[in-house]
Chemist: 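Mind having a look at this structure? Questions to follow.
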Amino acid sequence: MSAAGDGEDGAAAAAADTVVLEITDAAASPSSAPPPPPIPVSALAGPLPSPTVLAVRADRSRLIESSSYFRALLGGSFSESGSGYVRISCDLGAAVQVLRYLFEPPGSFAISHHNFLPLLEGALFLAVESLLVDCERWFRTVRSRNPSMVVPLDFIIEAWFFAQKHGVTFVEDVCPGYLAQNFVQVISSRSFVHIPYDLLCSTIESPHLTVDSEKQLCEAILSWISASRQSCEQSVSNSADNQLSLLSKVRVCLLPLGFAAGTKRNCFEFGNNAACMILNLLKDSLQTLLYTVTDDNLDSYRIRLTEYSKKIVLSGCPQLTTQFLYISALPTDLDAVFKRTIVSDVNDGCLNHYNGLVKKAKTLSFRNVRIVDLSKCPNVHFGAAILWMKWAFPELRTFIASYCLLFQFEDLQYLLLRCPWINEINLSIDTSVILSKYSIISSRSEVRRDVNQNLSSYYMQSGLYGTSVNPVFSNISKLILEGRNDITDMNLLEISMLKSSLCYINIKHCTLLTDDDGFSYHKDEHAHVMAFRLQELHLEGCEGISCAAMSQLVSNMNIVKSLCLRETSLADGALCNFVGSSLEYLDISETVVSMVSFAPVIRRNSNLSCLKTAGCRNLLFEQGEVQSTSGNKYGRFLQEITSTCYLEDVEMGWAFCPVRVDDLIPSFSKVRRMTVGLGTTLPENILHALPEICPFLESLVLRFQVISDRVVRNLLESSTNLQVLCLHYCLGSLTSFSFQTMAPALRILRLQWVTPWITNDDLTILTQNCNLVELLLSGCKLLDSNSQEIISSGWPNLACLQLEECGQITLDGVDSILDCKALEEVLLRHTGRGIGRTIITDAIRELPLLRKLALDLCDASEGGYDTPNVPEGKMMRSVRMSRCKKSAAAARSCFVEASSSSSNPKPVQHRETIVLEWSSRQLTTAVVEERL
């Protein structure tokens, strides 16, 4: 061995201070080959000469100074202590990393997740105390650098296994907390299912566990359990007891009812217990919480809030009351008496202790929370909830309360006053079933009995009742009021004063809105500025807006990106005034526009990703003249679109024919949602090729198309992302073969007058092949009362069930249907004369999320249905009861006699529909002269 020097004395001195370490990888097989020549430490940063053995020249003093191992080996009584050549057997990679750490300048060497484990292993083997300290410091710093996950999950799992094997306690301490605070990102990783049981268990038990919702946690646990069951090697840690132990950590009373019911499909005992607990909580949550406060055992009822929380999603939890919100944000050290006072005050409709609560809990706020979702939470008192958000989430930006019918315009004003930093609000509800195009025989309205209570206790006390929102301090930029047909022109005027911030507004089916000239002065003052700023405007169903007002509005929208004018007065005159070129979403369905105004819009807006033109018959003609577009100056309509746009969402109606594969590729390659309706016919070769043409297809709706087993089967097998399949009035010869294939992604299936052959056996196969949340069947006359049990047990999380002309399903009542606790919408028409008189009351009581109920008097076992004295379910939007032309006394059948030339009876025409419809303020009872 030699070392560089200026002479013999220098060489001797260098030799005394230098040692050659021959490091052999402990995992390598013994070899008789001679070791490679020594290299300096500085060369370790580059490629190594051998993967199994390495000789390195290093400073003896530095090694002795830094490592207890080398101190004993080189400076002790071992035979190697005086040798200039020492052999070591260990992990080669670990040793290299340690030597680099010891000898490279601090600025050029850094610990990262790439080298942490080799460094840690080397530090443990070679006893490098300073490196152990630096490794611990770095690992703990990784967690403190949150808010975002900075190291891969695979690394954390590997570190956990290493720490358990070598007894590294600081790694075992940090890993659960790190995964807990980054849990939302962790569960999105493919490696999540590879987390060992003990680490996952410790993560869930961590006080830093951060999830958007309890549902998110439960879904993650169920996916982990499912993966462990499918694993070829079942270890003790993945036993059934441990799996149940994980599920026991879920706070089931915070789960959405629909999700809890749905877990019965694959985990019956857990799902059934969860659903029962939620339903019991609905009966008397106040007493339950008061008892829990007394026992100081609130954890099971606390929403998981941590300093890392960004989003709070409580959607679909009818069992949650305002008390749940407050106890989740109360400091744990508050005395039980004060907690009981808060819970009682919130329930009584006042909050006298609010100031005291804020004072005691002023440090308990969650500044990272940006989104709160209280959709489908009918038992939350929004006045108190707004105060809760003001106190707990000072940086809140988005508030969602869709399908919360009792949220009134005054609540919106109060929200903007109390939380002016919010910039996005979603208050959408179901659209009204009573449209202006229907003939109304009679109608009367009465004030809801719970409307005043929602306002007086909070807003009158606050001193803000009746105060207008100061637009200077409002940050609201996006407002969704879809379906709120109690919003008036005066309300819209107040909204228009937010012109300096508001740029996204959705007022679909706000049918009370007009262009009343009484507000013309204010409109002139605000409308132009507001319209000019708008980037999103949805006016679907606002038929009260005149053509002149529409024209003026459209002419001022220059930067709009999303525009929905479906079912409005839009005509060529208005659309010709539109000069915008930034459109990404355009819906003009069911309007009278023609190619004269539409073609220039398409040419100017090449960024269109969504285009909906269903029902636009005038697109076939030029200015009302009977002249096909295929021969006029606008060319073929579809060719015009496909040469300009790459669509993701498309509704095709009139003017989309003829269609060729060449027309669809490649412009339809990004389509995710497609609706094909009357006026367009896709040939079978196109339908069969859709999975190839649209590889990302998620939703397909076909109306009046010719379909076959070959088409449907290929869609279910090849469109692996398909979640929605709707076949309405389609021609062709489908058989049960179409649906005898797995479709794990499918969630919505609507089969309207296309599958008359469906039997209970076919239904059973469907329940095995797909997990539906929405099912619509029409004309399935072979079904009977046993079908109910198949549906309710096979799809316990069903949210929408519509059965029409489906044999005798309800001949023996509707008990099994009422067992589907997640149902939000039910339609039963001509399904068997066995529905009892109390069905409306029973449905409201048994189905906490029910919003829409449609019945037929033909199915009433006693000739009619009772309307309860107080028919006000907090979620209920509408009840419809149709009556046939034929009276029950005339015949038991609800079908017209079949003609001699027809083997199939025709459905009768309905004479009228009785409608009960609730808004935030009133109940309207109407009789409409047609079937709804």
Side-chain angles (χ1 to χ4, degrees), residues 423-425 471-472 474-482 489 492-508 510 513 515 519-542 544-589 591-613 616 619 634 640-641 643-649:
N423 57 30
E424 182 174 337
I425 300 174
V472 175
S474 176
N475 292 309
I476 185 70
S477 62
K478 186 170 186 176
L479 182 60
I480 301 176
L481 301 173
E482 180 174 342
D489 283 331
L492 188 61
L493 172 63
E494 296 183 40
I495 292 172
S496 71
M497 293 181 181
L498 304 173
K499 60 182 184 300
S500 61
S501 61
L502 192 62
C503 52
Y504 298 86
I505 185 166
N506 181 338
I507 48 177
K508 287 184 180 179
C510 294
L513 297 179
D515 58 328
F519 298 105
S520 59
Y521 170 76
H522 300 286
K523 285 183 176 180
D524 289 340
E525 183 181 356
H526 302 299
H528 294 296
V529 177
M530 184 176 176
F532 181 78
R533 289 179 53 86
L534 283 178
Q535 297 184 45
E536 180 175 323
L537 177 63
H538 288 210
L539 293 176
E540 177 181 339
C542 295
I545 301 176
S546 69
C547 294
M550 181 67 70
S551 182
Q552 182 182 17
L553 177 64
V554 169
S555 65
N556 282 282
M557 293 189 296
N558 298 333
I559 62 172
V560 66
K561 294 181 179 180
S562 179
L563 183 60
C564 177
L565 303 176
R566 189 185 194 112
E567 297 178 16
T568 65
S569 60
L570 182 69
D572 283 341
L575 195 56
C576 282
N577 289 333
F578 178 73
V579 296
S581 58
S582 304
L583 280 176
E584 298 171 4
Y585 177 107
L586 178 61
D587 186 352
I588 58 165
S589 300
T591 61
V592 295
V593 298
S594 74
M595 201 62 72
V596 171
S597 60
F598 187 57
V601 172
I602 294 296
R603 290 169 182 159
R604 281 198 312 272
N605 291 271
S606 58
N607 291 326
L608 266 177
S609 61
C610 174
L611 179 62
K612 301 183 179 183
T613 63
C616 295
L619 290 179
Y634 301 110
E640 184 87 37
I641 293 172
S643 64
T644 305
C645 312
Y646 281 82
L647 299 175
E648 296 180 14
D649 188 352

Chemist: As an exercise, state the distance from CG of Leu608 to OG of Ser582, rounded to the nearest 0.5 Å.
Modeler: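 Result: 10.5 Å between the selected atoms.
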Chemist: What's the spacing between Glu567 CD and Ser589 OG if we round to 0.5 Å?
Modeler: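 Result: 8.5 Å between the selected atoms.
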Chemist: Are Leu565 and Val593 close enough that some pair of their side-chain heavy atoms sits under 4.5 Å apart?
Modeler: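 Counting from C-beta outward, Leu565 and Val593 never come under 4.5 Å.
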Chemist: Between Leu553 and Ile545, is there a side-chain heavy-atom distance shorter than 4.5 Å?
Modeler: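 When only atoms from C-beta onward are counted, Leu553 and Ile545 do not touch, as no gap falls below 4.5 Å.
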Chemist: Using 0.5 Å steps for rounding, measure from the CG atom of Leu492 to the CG atom of Leu481.
Modeler: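 Going from CG on Leu492 over to CG on Leu481, the span is 9.0 Å.
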Chemist: Is Val601 close to Ile588 at the side-chain level, that is, under 4.5 Å between some pair of heavy atoms?
Modeler: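 A side-chain contact is absent here, since even the closest heavy-atom pair is not under 4.5 Å.
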Chemist: Is there side-chain contact between Leu539 and Leu570, with at least one heavy-atom pair below 4.5 Å?
Modeler: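 SC-SC contact between Leu539 and Leu570 ruled out.
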Chemist: Please check: side-chain N/O of Asp587 versus main-chain N/O of Arg566, any donor-acceptor pairing under 3.5 Å?
Modeler: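 Answer holds: no.
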Chemist: State the CG-CZ distance between Leu583 and Phe578, to the nearest 0.5 angstrom.
Modeler: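 That separation rounds to 4.0 Å.
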Chemist: Evaluate the side-chain proximity of Ile425 to Ile476: yes if any heavy-atom separation is below 4.5 Å, no if none is.
Modeler: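 Touching, per the 4.5 Å side-chain cut-off.
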Chemist: In Å, rounded to the nearest 0.5 Å, how long is the span from CE of Met550 to OG of Ser555?
Modeler: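 Reported to 0.5 Å precision, the distance equals 11.5 Å.
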Chemist: To the nearest 0.5 angstrom, please state how far the CG atom of Leu619 sits from the OG atom of Ser594.
Modeler: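 So the CG of Leu619 and the OG of Ser594 are separated by 7.5 Å.
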Chemist: For the backbone of Gln552 and the side chain of Asn577, can you confirm whether one donor and one acceptor N or O come within less than 3.5 Å of each other?
Modeler: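 Checked: no pair found.
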Chemist: Does some side-chain heavy atom of Cys616 sit less than 4.5 Å from a side-chain heavy atom of Thr591?
Modeler: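 Counting from C-beta outward, Thr591 and Cys616 do come under 4.5 Å.
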Chemist: When you compare the side chain of Arg533 with that of Leu502, does any pair of heavy atoms fall below 4.5 Å?
Modeler: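 In short, these two side chains do not touch, never coming nearer than 4.5 Å.
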Chemist: Side-chain donor-acceptor contacts of residues 557-564 below 3.5 Å, not counting sequence neighbours, with atom names and distances?
Modeler:
residue	atom	partner	partner atom	Å
Ser562	OG	His538	NE2	2.9

Chemist: Give the intermediate values and the outcome of side-chain hydrogen bond (donor to acceptor under 3.5 Å, both in side chains) for residues Arg604 and Ser581.
Modeler: CA-CA 5 Å; Arg604 281 198 312 272; Ser581 58; over 6 Å; no
Chemist: Can you see which heavy atom on Phe598 is nearest to which on Leu611, and at what distance?
Modeler: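 Looking at all heavy atoms of both residues, the shortest contact is CZ-CD1, 3.6 Å.
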Chemist: Just by modelled atom types, is the Cys547 backbone N or O under 3.5 Å from a matching donor or acceptor in the Ser551 side chain?
Modeler: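 The answer is no, because no donor-acceptor pair under 3.5 Å joins these two groups.
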Chemist: Considering the options Glu482, Lys478, Glu540, which one meets the side chain to side chain donor-acceptor pair (under 3.5 Å) requirement together with Asn506?
Modeler: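 In the set Glu482, Lys478, Glu540, the residue that makes a side chain to side chain donor-acceptor pair (under 3.5 Å) with Asn506 is Glu482.
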